[in-house]
Amino acid sequence: MQNSSKFFVNRDCSFFPCHKGLEEGNFNCLFCYCPLYERIPCPGKPDFIKKDDGRIIKRCTDCTFPHRPENYDKIMSLLRTKKAEPVFSEEYHHGGEQINCTAGDGIIDFSVNTNPLGLPESAKSAIKESLAVCEKYPDQNCSELRKKTAEKLRKTFNLSQLKEDRIVFGNGASELIQIAVQAVRPKKALIPAPSFSGYERALKSYGSEILYHNLSAGKEFCLDEGFLEKIENSSPDMVFLCNPNNPTGKMIEPLLMQKTVNLCESKGIFLLIDECFIEFTSRSEESALRLINNCPHIIVLNAFTKIYAMAGLRLGYLVSSNLPLIQKINFLKPEWNVSGISQKAGEAVLDEKDYIEKTGELVKNEREFLTGELKALGFEVFGSDANFILIKNIVKPSEKLDSLLLKRSFSVRNCANFRNLDETYYRLAVKTHTENEKLLSAIKEITLQNPKI
């Protein structure tokens, strides 16, 4: 069908003709209030401008795309596309959320994967010194924090072209995942399974169709070439990857990551790569940040939450070379979404070097220790590059391991609500040697009393 939208001109409009350069009869007043305003990427290629009050707004004054007859069919096709209704009834659980906990306050929490060294002293000092900022509104742009983060990323990954305005800070990574989905507005998205449930939650809240690529336990849940085939065959608008993956702890091999990036970029598919645990590995130089310069469809996500044990402060950021996308995300995020205290703590920890080195050494040694001991106790242990381990009970117990451990004041993550896993899988954080020994002692006690485990 050609020119599926009826032609209409309103000569009584005080702004008529609204677009210079378009002759009368070549534009349609039905699109005066553009139905594509909230879409990104917008086929009209609008400008985003910053107001004096710090707001980012979309400027369409010079855009003629929706008014040209030759574009009507494309516009109407976009408007006719239906998407699923958002899902609000499902519950999502996170490590650290123990319901009806009877063990008291003395629980050693292996269900969350924050740094076992705890909050750095530099952050504690910054928090104390910045109490006065509680009386003031925080900097909406996180200017100083963004500047220091850009400097660190440029130095670490040789990103001389990285500009500060390509970084957006949020109230933890979860908020940024929600906003990124809202900005991209994918009709269809692809997620590996198992992986972090936050991607699925954000997509369902928007109403996107979600496709899954099941990872194989026989391959230790490693991403494989089949993922590329899934992208080719399903043509999603957005793809999510977690590197290292949660809850498996596995890094994606660099060549496969490069192929995935190239494929998504060639097809115009947005690829969000979550690297919130990458600094716990010995492979942080493989960060996708090194690939972003010529890839405007890549979004790299990270957070201070895990590596600096700042879960309660909430501080995350994303990076993209795609300025229109970054501007849209800035437009969509809530005002003052990052507290002044969080910004000051973030600025302080960016200078930490010894802390990061000690973290890497501790996690590597203790991960190997836990892996060996758990295998000796009869558990199937999947290889991990991160600060947590995925294990499986070979025989399904009469009572769940997490319930038995909770009675002994230990909390572990039951993975039953991870897609492609079941209640025989558990995720254990890597903690200090003393804490790890206590957990292993409790597990040994349980295995002696419950031979089925």
Check whether any side-chain heavy atom of [X] lies under 4.5 Å from a side-chain heavy atom of [Y], and answer yes or no.
X      : Y      : answer
Val184 : Leu325 : yes
Tyr199 : Asp274 : yes
Val319 : Ile299 : no
Val133 : Ser130 : yes
Leu153 : Leu289 : yes
Leu350 : Phe304 : yes
Phe240 : Ser195 : no
Lys187 : Asp237 : yes

Under the criterion side chain to side chain contact (heavy atoms under 4.5 Å, CB included), which of [options] is the partner of [X]?
X      : options                        : answer
Phe227 : Leu215, Ile252, Leu263, Val239 : Val239
Leu370 : Asn365, Val381, Leu428, Ile389 : Ile389
Tyr308 : Asn115, Ile356, Thr114         : Ile356

What do you reckon, are the aromatic ring centroids of Phe277 and Phe388 less than 6.0 Å apart?
->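 Distance test on ring centres: under 6.0 Å, yes.
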When you measure from the side chain of [X] to the backbone N and O of [Y], does any donor-acceptor pair fall under 3.5 Å?
X      : Y      : result
Arg290 : Ser287 : yes
Tyr137 : Cys134 : no
Asn322 : Pro296 : yes
Asn436 : Lys431 : yes
Gln343 : Asp139 : yes
Asn420 : Ala193 : yes
Asn387 : Phe280 : no
Glu129 : Ala126 : no

Tell me whether [X] forms a cation-pi arrangement with [Y], defined as NZ or CZ under 6.0 Å from the six-membered ring centre and within 45 degrees of its axis.
X      : Y      : result
Lys392 : Tyr425 : yes
Lys438 : Phe410 : no
Arg146 : Phe169 : no

May I ask you to decide whether [X] forms a salt bridge with [Y], counting only side-chain N to carboxylate O separations under 4.0 Å?
X      : Y      : answer
Glu200 : Arg419 : yes
Glu144 : Lys147 : no
Arg283 : Glu253 : yes
Glu357 : Lys353 : no
Lys333 : Glu175 : no
Asp351 : Lys148 : yes

Can a side-chain donor-acceptor contact be found between [Y] and [X] if the only test is distance below 3.5 angstrom?
X      : Y      : result
Asn141 : Ser143 : no
Asn293 : Ser321 : no
Asp422 : Thr424 : yes
Glu220 : Thr248 : no
Glu437 : Thr434 : no
Glu352 : Ser122 : yes

Kindly compute the distance separating [atom1] ([X]) from [atom2] ([Y]), expressed to the nearest 0.5 Å.
X      : Y      : atom1 : atom2 : value
Glu285 : Thr156 : CD    : OG1   : 11.5 Å
Leu405 : Ile107 : CG    : CD1   : 11.0 Å
Thr371 : Glu366 : OG1   : CD    : 10.5 Å
Leu318 : Ile273 : CG    : CD1   : 12.5 Å
Cys264 : Leu241 : SG    : CG    : 7.5 Å
Leu211 : Asn233 : CG    : CG    : 11.0 Å

Do Phe382 and Lys250 pass the side-chain contact (heavy atoms from CB on, under 4.5 Å) test, and can you show the C-alpha distance, the side-chain angles, and the key distance before you say yes or no?
-> CA-CA 9 Å; Phe382 298 90; Lys250 297 296 294 184; over 6 Å; no
Carefully, step by step, assess Arg413 and Phe110 under the rule side-chain contact (heavy atoms from CB on, under 4.5 Å).
-> CA-CA 7 Å; Arg413 180 69 154 87; Phe110 282 80; over 6 Å; no
Leu374 and Ile443: side-chain contact (heavy atoms from CB on, under 4.5 Å), yes or no, with the steps?
-> CA-CA 9 Å; Leu374 288 164; Ile443 294 177; 4.0 Å; yes
For Asn262, the option from Lys259, Gln258, Glu265 that meets side chain to side chain donor-acceptor pair (under 3.5 Å) = Gln258
Ignoring hydrogens, what is the shortest heavy-atom contact between [X] and [Y]? Give both atom names and the distance.
X      : Y      : result
Leu301 : Ala173 : CD2-CB, 3.9 Å
Lys400 : Asn414 : CD-ND2, 3.8 Å
Leu190 : His213 : CD1-N, 4.1 Å
Leu421 : Cys415 : CB-O, 3.6 Å
Leu313 : Ser342 : O-OG, 2.7 Å
Asn302 : Cys276 : OD1-CA, 3.6 Å

Taking atom NZ of Lys188 as the centre, report whether more than 12 heavy atoms of other residues, nucleotides or ligands fall under 6.0 Å from it.
-> yes
Inspect the surroundings of NZ in Lys152 and state if more than 12 heavy atoms from other residues, nucleotides or ligands are less than 6.0 Å away.
-> yes
Start with the C-alpha gap between Glu275 and Asn243, add the side-chain angles, then the distance that decides, and say whether side-chain hydrogen bond (donor to acceptor under 3.5 Å, both in side chains) holds.
-> CA-CA 5 Å; Glu275 297 184 344; Asn243 195 34; 4.8 Å; no
Decide side-chain contact (heavy atoms from CB on, under 4.5 Å) for Ile191 and Phe196; before the verdict, give the C-alpha distance in whole Å, the side-chain angles of both, and the deciding distance to 0.1 Å.
-> CA-CA 9 Å; Ile191 306 174; Phe196 177 49; over 6 Å; no
